[in-house]
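Note that the structure is a prediction, hence the values are computed from the model and not measured. Heavy-atom basis, side chains included; hydrogens, waters and symmetry copies ignored. First the proteins, then the strands, lettered A, B, ... as listed; each starts at 1.
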Amino acid sequence: MFLDFMREVELSLLSALERSGFKVGMSLNNLELDRSPHADLASSVAFRLAPELKRKPASIAAEIHQALPAEFWFVGRAECIGPYLNFFMSLRFLNEVLEQAIADNCWFGGLKEKVIVEHTSANPDGPLHVGHIRNSVIGDTLVRILHRAGCTIEAQYYINDMGRQEAMVVWGADHFRLENIKNDHAIAQVYIAAHKAMESQPEIKREADEIIRQYEAGDSETESKIKSAVKFALSGIEETLQRLDIHHDSYHWESEFVRNGDVDKVIAKLEETGLTIWKDGALQLDLTSHGFEKNMILRRTDGTSLYITRDLAYHRWKAANCDRIVDILGADHKLISSQLKTALNLMGIREPEVVIFEFVSLPTGSMSTRRGKFISADEVLDEVESRAFEEVSKRRPNESEEFRRGVAKYVASGAIRYDIVKVSADKATTFDWRQALDFEKLSAPFIQYSYARACSILRKAENIDTYNPDLLKGHDEVALIKKIAEFDLVIELAARELKPHTLATYARELAEAFNQFYRYCPVLESRDDLRLARLALVKASRNALRATLETLGIQALEAM
RNA sequence: GGGCCCGUGGCUUAGCUAGGACAUAGCACCGGGCUUCUAACCCGGGGGUCGCGGGUUCGAAUCCCGCCGGGCCCGCCA
């Protein structure tokens with residue numbers, strides 16, 4: 001696949017440079033290779049060499065071109081256009097891509113690390129809203145991408161059971177009735193009510209603090225109240241995640257790190273750094289020498305622990321149990337996560353790779369569970385699903401209701417996932433119903449539809465025993481094969497840089513390439529060898545589309 | 001006030017980490033294509049001071065500095 005082609009270009013270029021006596025640094029992409037509209041891979045390394053050699057880039061490029069090997073394997077030809085060196089894929093390479101794609105054996109990379117990805121980790125105080133699921137979708141897509149790249153993955157949910165918000169939930173559940181609605185929504189109601197009550201009765205804050213204190217002290221009645229409230233809310237949250245095909249492999253309660261003594265160990269370890277001080281009755285870590293203006297509080301005056309300390313213990317545990325730690329966090333965690341990294345460094349513990357996503361807000365402003373100001377993921381799923389049902393009913397009026405319901409369900413979940421994942425994480429967004437309900441080109445149904453078309457052709461065709469790949473020379477055929485070949489490159493880059501949106505872009509391009517082929521290259525209508533060759537390409541495309549959809553967590557529908 | 005992030009056609013957006021050959025797509029708009037493998041599709045068209053101003057460079061959407069606009073954060077909350 002593409003990485004093999006690229007490796008050959010790199011090696012050829014390196015040897016040509018050496019033969020010509022040119023030296024380039026060993027920095028990343030020192031060969032100045034890039035994908036280009038003019039070639040499958042282009043190098044502008046001549047520009048880099050020009051100043052020190054005091055020669056014109058074009059003449060340097062020509063010399064390098066002369067020194068390139070006479071024979072290639074996956075490279076078909078190399079041309080020199082002015083200062084640029086352009087490399088093109090060989091027919092042999094395209095045939096190899098096709099063969100691997102048909103055999104379905106090229107969709108997993110060679111990475112071997114064990115990675116723990118923590119995502120969602122929403123407080124169990126209400127349902128997931130459209131901001132939370134940006135975390136879930138980015139996290140779950142990264143889990144799938146890393147898995148594709150070859151890694152062993154564990155998706156974890158970190159449960160904040162010791163925070164004040166959970167104490168408020170318990171207080172609310174003690175004073176108000178839980179309505180008979182979806183569990184997480186019922187919890188939100190009492191949580192919101194508790195907060196409202198606190199406005200006129202400030203003593204509630206002290207009662208909540210007392211709940212925290214008792215929980216940390218191990219009071220059994222408090223413990224059972226908190227645990228049941230958490231589990232209750234979580235069951236609703238899981239239901240929502242399920243609809244988006246998002247699953248966690250394990251759950252870790254922050255209280256677990258207090259109970260097993262890890263929090264104390266971490267604090268003891270931080271005390272060894274000599275940077276801790278007692279101030280105003282609380283244990284603090286002075287990070288001013290590391291650029292933080294405020295001290296990090298490690299233990300409250302009343303002796304209870306804080307989120308950051310428990311999180312340090314959790315990360316210490318993660319570091320000991322995997323090769324790569326990935327955290328998905330909202331933009332409000334930027335400061336705290338850099339403090340966390342600094343503190344971990346002080347203890348000599350590997351720091352996590354933190355993927356920060358910017359906020360999702362409503363046209364009316366930012367969301368808040370506490371104030372009941374949010375659009376829940378459930379609402380969005382319901383609305384999108386009903387719109388999808390109308391759409392599929394309009395387009396496939398003769399299909400059974402069961403079929404249409406099934407399609408609508410997966411179109412809805414896919415559309416929401418794609419709508420979220422297609423935007424780069426560092427872009428703040430405003431939730432937009434119109435965009436969420438758009439099922440056209442820049443959306444999941446566009447890709448699902450391409451897949452369904454490929455499946456439809458294959459259903460009507462015989463098995464392909466042999467085929468002659470050399471017949472696939474048309475522009476749309478070649479473009480499609482090249483796009484299929486890019487899969488491994490896209491996965492590797494996305495896995496390395498933790499940028500799931502690049503896969504969304506690839507998915508759109510792949511579907512587009514298939515749709516163009518579909519429009520201009522009749523398959524079932526073609527005869528003999530051409531029919532077989534095109535069928536082979538359809539099968540390769542179907543496999544590529546399936547792998548891409550699966551990695552995005554979007555259901556691949558054989559008919560829609 | 002300080003820190004981090006963002007600012008690309010009317011709207012949404014890729015490219016920015018590793019500066020290079022005409023700046024990506026979608027929506028909306030205009031026009032064309034279903035007796036042909038599912039038209040949730042395909043083709044063509046118009047539409048851009050890449051926020052503004054400096055700088056570095058042979059070359060800047062991309063790097064540096066300043067400014068403007070927006071978001072997030074600066075709790076013994078999480």
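Using a 4.0 Å heavy-atom criterion, one finds that A:Thr301 contacts the bases of the nucleic acid, with or without backbone contacts as well. A:Phe292 comes within 4.0 angstrom of no nucleic acid atom, judged by non-hydrogen atoms across all strands. Residue A:Ala559 is in base contact, counting any heavy-atom pair closer than 4.0 Å across all strands shown. Among the heavy atoms of the strands lying under 4.0 Å from A:Val407 is at least one base atom, whether or not backbone atoms are also near. Among the heavy atoms of the strands lying under 4.0 Å from A:Asp280 is at least one base atom, whether or not backbone atoms are also near. Contact annotation for A:Val538: no contact, since no heavy-atom pair falls under 4.0 Å across all strands. Base engagement by A:Ile336 is indicated by at least one non-hydrogen atom pair under 4.0 Å involving a base atom. Counting any heavy atom pair closer than 4.0 Å across all strands shown, A:Phe439 reaches a base atom. Using a 4.0 Å heavy-atom criterion, one finds that A:Arg299 contacts no nucleic acid atom at all. Looking at heavy-atom distances under 4.0 Å, A:Glu509 makes no contact with the nucleic acid at all. Within 4.0 Å of A:Cys455, counting heavy atoms only, lies no atom of the nucleic acid at all. Using a 4.0 Å heavy-atom distance criterion, A:Ala42 is classed as a base contact. The residue A:Ser36 sits close to a base: some heavy atom pair falls under 4.0 Å. Counting non-hydrogen atoms under 4.0 angstrom, A:Arg48 reaches a base of the nucleic acid.
B:C63 is paired with B:G55 under the criterion used here, namely a Watson-Crick or G-U wobble arrangement in which both key atom distances are under 3.5 Å. B:G1 is paired with B:C74 under the criterion used here, namely a Watson-Crick or G-U wobble arrangement in which both key atom distances are under 3.5 Å. Taking a pair to require two hydrogen-bonding distances under 3.5 Å in either a Watson-Crick or a G-U wobble arrangement, B:C29 pairs with B:G45.
Of the side-chain N and O atoms in A:Lys427, one or more sit less than 4.0 angstrom from OP1 or OP2 of B:A14. Taking only side-chain nitrogens and oxygens, A:Lys334 never comes nearer than 4.0 Å to OP1 or OP2 of B:C4. Phosphate proximity of B:C77 to A:Arg300: present, with a side-chain N or O under 4.0 Å from OP1 or OP2. Distances shown here put every side-chain N or O of A:Arg519 at or beyond 4.0 Å from the OP1 or OP2 atom of B:A39. Side-chain N/O atoms of A:Thr502 include none lying less than 4.0 angstrom from OP1 or OP2 on B:A14. For B:U24, the OP1/OP2 oxygens have no side-chain nitrogen or oxygen of A:Arg508 closer than 4.0 Å. The shortest distance between the side-chain N/O atoms of A:Arg164 and the OP1/OP2 oxygens of B:A78 is not below 4.0 Å.
Using C1' as the reference atom, B:A60 and B:G53 are 15 Å apart when rounded to the nearest Å. Using atom P as the reference point in both B:C41 and B:G26, the two lie 11 Å apart (nearest Å). When the C1' atom is compared between B:G69 and B:A28, the two are found 26 Å apart, to the nearest whole Å. The separation of B:U8 from B:G51, taken at their P atoms, amounts to 6 Å, rounded to a whole angstrom. Across B:G70 and B:G54, the matching P atoms stand 24 Å from one another, rounded to whole Å. Separating the P atom of B:U56 from that of B:U12 is a span of 35 Å, rounded to the nearest Å. Here, B:C11 and B:U49 have their P atoms 12 Å apart, quoted to the whole Å.
Side-chain N or O atoms of A:Ser413 include none that pairs as donor or acceptor with a backbone N or O of A:Lys409 at under 3.5 Å. A:Gln165 places a side-chain N or O within 3.5 Å of a backbone atom of A:Asn160 that can act as its donor or acceptor partner. Under the 3.5 Å distance criterion, the side-chain polar atoms of A:Arg134 are matched with a main-chain donor or acceptor of A:Glu358. At distances below 3.5 Å, not a single donor-acceptor pair connects side-chain atoms of A:Asp125 with backbone N or O atoms of A:Val169. Under the 3.5 Å distance criterion, the side-chain polar atoms of A:Gln284 are left unmatched by any main-chain donor or acceptor of A:Ile277. Counting only distance, with no hydrogens or angles, the side chain of A:His132 and the backbone of A:His129 share a donor-acceptor pair below 3.5 Å.
Relative to the side chain of A:Glu254, the nucleotides B:A78, B:A14, B:A40 differ in distance, and B:A78 lies closest.
Between A:Glu512 and the choices A:Lys441, A:Arg519, A:Lys483, the salt bridge (charged side-chain N to carboxylate O under 4.0 Å, His left out) rule is met once, by A:Lys441.
The OH atom of A:Tyr520 sits 7 Å away from the P atom of B:G44 (whole-angstrom rounding). Atoms CZ (A:Phe517) and C1' (B:C37) sit 10 Å apart, rounded to a whole Å. As rounded to whole Å, 22 Å separates atom P of B:G71 from atom CG of A:Leu329. The separation between A:Gln339 atom CD and B:G2 atom P is 19 Å, rounded to whole Å. Taking atom CD of residue A:Glu558 and atom P of nucleotide B:C37, one finds them 20 Å apart after rounding to whole Å.
For a distance-only test at 3.5 Å, the side chain of A:Asn86 qualifies as a donor-acceptor partner of the base of B:A21. Between the side chain of A:Glu440 and the base of B:A28, no donor-acceptor pair under 3.5 Å is found.
Using modelled atom types, one finds no donor on one side chain facing an acceptor on the other under 3.5 Å when comparing A:Asp34 with A:Ser36.
Comparing A:His38 and A:Gln165 along RNA chain B, the residue whose closest nucleotide (by nearest heavy atom) sits nearer the 5' end is A:His38. Comparing A:Leu442 and A:Phe359 along RNA chain B, the residue whose closest nucleotide (by nearest heavy atom) sits nearer the 5' end is A:Leu442.
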